[in-house]
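Dumping the structure here so I can ask a few things about it.
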Amino acid sequence: MHAVIQDRYGGPDVLRLGELPDPVPAADEVLLQVRAVSLNGSDRENLAGRPAYARWSNGLRRPRHPVPGSDVAGVVAAVGSAVTEYAPGDELFGELAGYRGGLAELVCTRPTLLARKPDWLSFAEASTIPQAGGIARRATADVRPGTRVLVNGAGGAGGVFVVALATHAGAEVTAVDRADKADFLREVGAHRTIDFATEDWADDRDSFDLVVDLVAERSPFRVHRALRRGGRYAMVGGLARILLVTAIAGPLVGLATRKRVGVLVVPQSRAELEAVTALVARGAVTPRIDHVYPLRDAPAAFARLAAGDSMGKIVLDVREG
Ligand SMILES: NC(=O)c1ccc[n+]([C@@H]2O[C@H](COP(=O)([O-])OP(=O)(O)OC[C@H]3O[C@@H](n4cnc5c(N)ncnc54)[C@H](OP(=O)(O)O)[C@@H]3O)[C@@H](O)[C@H]2O)c1
């Protein structure tokens, strides 16, 4: 099969289109013929091997799994002998374990990580949903009309979904990202935008009921000050040392301040995928695609991801490999 191969950590230039043996599904696996893959910040991290947590599961010196790509949509080509819920020809989508293996014509995965793709979503649209939608649904589960929400890193893959779902739930949303994404973020639903290069949202004391931080770089001892009484800070991604400090000290800061400060861990499951799909069906969030590249142009797709210029998701069309 054709696949995008990454032998080492680095920039988009380390990626090459190559040939790998066709995978064979184990008894409890589905063999998916991949049609579309969307990119997330985690793909950029796993390409670079930075922050450090990208190497904790993926290999310290070089990537253990040579094929990048996590969020896939495709058609079942075969199923293992123990798989009863899906059959060849079914159209499915989901997030691959370890965020690896998607940028290939075929991939094996567990059926519990896949859900049925509705007919009203294209493969490209469905591929935009798993990781970003899961983060956003979990992060905004408590949002009610009038909740004051700040999304840091709002213009990226997950942030756009968080802004959309929070807005749909009636929140007053402040979106923090680059200045040139402000118009796009207002179109998605943000009421106010902050350019992170010129303004520090953490200086806004007692201002937010919920801070969703996708690019955390501030200590939990600082971020809690931006929260109103009873507010919650949820770290989704960011620096590895901030991840460790927030996981360990965040709950203590929360106890001392009567706020909630911690790391949001989003489980991968069919139930999550179905819950997010229901939100998309209700119009709470719309998949937004910035650009679709053929598989052979994966380096260009990752270069756009790294440049941070995309307004919406970058998708690879695997049929055109
Ligand atoms: N907790 C979990 O269970 C879980 C699950 C999956 C993924 N994640 C993590 O979630 C994180 C976010 O993912 P994503 O896909 O949304 O990332 P992304 O697409 O890279 O988006 C990050 C956004 O933040 C912007 N940004 C960069 N520096 C910033 C700063 N200092 N202040 C404010 N905004 C800044 C980026 O702009 P530029 O592009 O211009 O730099 C980009 O628009 C990743 O670290 C990933 O590992 C967590």
Side-chain angles (χ1 to χ4, degrees), residues 37-58 68-71 94-100 113 127-139 150-165 174-182 184-185 188 190 193-203 211-218 223 226 233-244 246-247 250 262-269 272 276 288-290 301-315:
V37 182
S38 85
L39 300 183
N40 295 287
S42 55
D43 295 305
R44 183 176 32 73
E45 294 169 346
N46 288 331
L47 178 65
R50 279 196 317 268
Y53 58 69
R55 298 184 186 220
W56 295 342
S57 59
N58 200 25
S70 76
D71 282 19
E95 185 180 19
L96 300 173
Y99 309 134
R100 303 295 284 181
L113 298 182
S127 78
T128 68
I129 292 174
Q131 186 182 117
I135 288 172
R137 193 185 84 84
R138 288 275 166 160
L150 179 133
V151 187
N152 191 37
V160 172
F161 274 74
V162 179
V163 170
L165 284 188
T174 300
V176 187
D177 209 295
R178 274 166 36 173
D180 59 359
K181 293 184 187 168
F184 171 64
L185 286 167
V188 175
T193 56
I194 292 178
D195 170 10
F196 70 79
T198 59
E199 198 179 331
D200 187 344
W201 59 266
D203 289 339
V211 171
V212 181
D213 199 347
L214 296 120
V215 285
E217 56 183 10
R218 297 167 179 83
V223 291
Y233 170 85
M235 174 182 176
V236 178
L239 299 178
R241 71 183 156 76
I242 296 296
L243 176 73
L244 288 174
T246 304
V263 177
L264 179 76
V265 179
V266 183
Q268 297 178 318
S269 73
E272 283 294 323
V276 180
R288 286 169 186 269
I289 295 176
D290 170 81
F302 274 82
R304 185 159 178 81
L305 183 72
D309 293 334
S310 58
M311 310 280 169
K313 282 268 191 134
I314 295 166
V315 174

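Atoms within a ligand are numbered from 1 in the order they appear, just like the ligands themselves. For the numbers below, each heavy atom of this structure counts, side chains included, while hydrogens, waters and symmetry mates do not. Remember, it's a predicted structure, so these values are computed and weren't measured experimentally.
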Listed by chain and number, what are the salt bridge (Lys or Arg N to Asp or Glu O under 4.0 Å) partners of R100, not counting sequence neighbours? none

Measure the shortest side-chain to side-chain distance between T128 and F161 over non-hydrogen atoms and say whether it is less than 4.5 angstrom.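 Side-chain contact under 4.5 Å: yes.
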
Of all the atoms in ligand 1, which lie at a distance below 4.0 Å from a heavy atom belonging to V265?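 Those atoms are 3 (O).
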
Between the candidates E45, R44, R178, which shows the shortest non-hydrogen contact distance to atom 40 (O) of ligand 1? R178

Can you report which non-hydrogen protein atom sits closest to atom 5 (C) of ligand 1, along with the distance? Y99 OH, 3.4 Å

Which residue and non-hydrogen atom of the protein lie closest to atom 39 (O) of ligand 1, and at what distance in Å?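 Here the closest protein heavy atom is G308 CA, 3.0 Å.
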
Quick one: does F196 get an N or O within less than 3.5 Å of an N or O on ligand 1?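 No, since none of the N or O atoms of F196 sits under 3.5 Å from an N or O of ligand 1.
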
What's the shortest heavy-atom distance between E45 and Y53, and which atoms? OE2-OH, 3.2 Å

At less than 4.0 angstrom from any non-hydrogen atom of V215, what atoms of ligand 1 do you find?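 Every atom of ligand 1 under 4.0 Å from some heavy atom of V215: 22 (C), 24 (O), 29 (C), 30 (C), 32 (N), 33 (C), 34 (N), 35 (C).
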
So for ligand 1, is A154 a polar contact partner (N or O within less than 3.5 Å, distance only)?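 A154 vs ligand 1: no N/O contact under 3.5 Å.
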
So that I can tick it off, tell me whether D290 and R304 are bridged by a salt bridge, with the cut-off set at under 4.0 angstrom between side-chain N and carboxylate O. yes

Do any N/O atoms on G156 end up under 3.5 angstrom from N/O atoms on ligand 1?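 Between G156 and ligand 1 (N or O atoms, distance only) the closest approach is under 3.5 Å.
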
For ligand 1, the portion of L305 having any non-hydrogen atom under 4.0 Å away: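 It is neither part, as no heavy atom is under 4.0 Å.
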
Can you find a heavy atom in the side chain of S38 that is under 4.5 Å from one in the side chain of Q131? no

Would a distance-only check, ignoring hydrogens and angles, find a side-chain to backbone donor-acceptor pair under 3.5 Å from R44 to A306? no

If you compare V263, V236, L243 by their heavy atoms, the one closest to atom 4 (C) of ligand 1 turns out to be V236

Identify, for atom 42 (C) of ligand 1, the protein heavy atom at the shortest distance, and state residue, atom and that distance. D177 OD2, 3.5 Å

Excluding sequence neighbours, so at least two apart, what forms side chain to side chain donor-acceptor pair (under 3.5 Å) with Q268?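 If we apply the side chain to side chain donor-acceptor pair (under 3.5 Å) test to Q268, skipping adjacent residues, the hits are E95.
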
With the side chain counted from C-beta on, respond yes when V37 and S127 share a heavy-atom pair under 4.5 Å apart, and no when they do not. no

Interfacing atoms of ligand 1 (cut-off 4.0 Å, heavy-atom, L264):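 Atoms satisfying the 4.0 Å criterion: 1 (N), 2 (C), 3 (O).
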
Which ligand 1 atoms does N40 reach within 4.0 Å, using its non-hydrogen atoms? 15 (O)

Around atom 17 (O) of ligand 1, find the nearest protein heavy atom and jot down its residue, atom name and distance.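 Scanning the protein heavy atoms, the shortest distance from atom 17 (O) of ligand 1 goes to G41 CA, 3.4 Å.
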
Find all atoms of ligand 1 within a distance of less than 4.0 Å from any non-hydrogen atom belonging to L214, and give their numbers and elements. 11 (C), 12 (C), 16 (O)

To check your reading of the model: name the closest protein heavy atom to atom 3 (O) of ligand 1, its residue, and the distance in Å.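 Sorting protein heavy atoms by distance from atom 3 (O) of ligand 1 puts V266 N, 2.9 Å first.
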
Give me the atom names and distance for the closest heavy-atom approach of N40 to L305.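 In terms of heavy atoms, the two residues are closest at O-CD2, 3.6 Å.
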
N152 heavy atoms within 4.0 Å reach ligand 1 at atoms 32 (N), 33 (C)

Does the side chain of T193 come within less than 4.5 Å of F184's, by heavy atoms? no

All heavy atoms of G134 vs all of V276, minimum pair found to be N-CG2, 3.9 Å

Any donor-acceptor pair under 3.5 Å linking the side chain of K181 with the backbone of A154? no

Using a 3.5 Å distance criterion without hydrogens, assess whether the side chain of N46 forms a donor-acceptor pair with backbone atoms of D43. no

Note the single closest protein heavy atom to atom 16 (O) of ligand 1, along with its residue, its atom name and the distance in Å. G158 N, 2.8 Å

How far is atom 7 (C) of ligand 1 from its nearest protein heavy atom, and which residue and atom is that?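 So the nearest neighbour among protein heavy atoms is Q131 OE1, 3.2 Å.
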
Min N/O separation E95 to ligand 1 under 3.5 Å: no

R138 near ligand 1 by a heavy-atom separation under 4.0 Å: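 No; R138 lies far enough from ligand 1 that no heavy-atom distance drops under 4.0 Å.
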
Tell me the protein heavy atom at minimum distance from atom 31 (N) of ligand 1, and give that distance in Å. E217 OE2, 3.5 Å

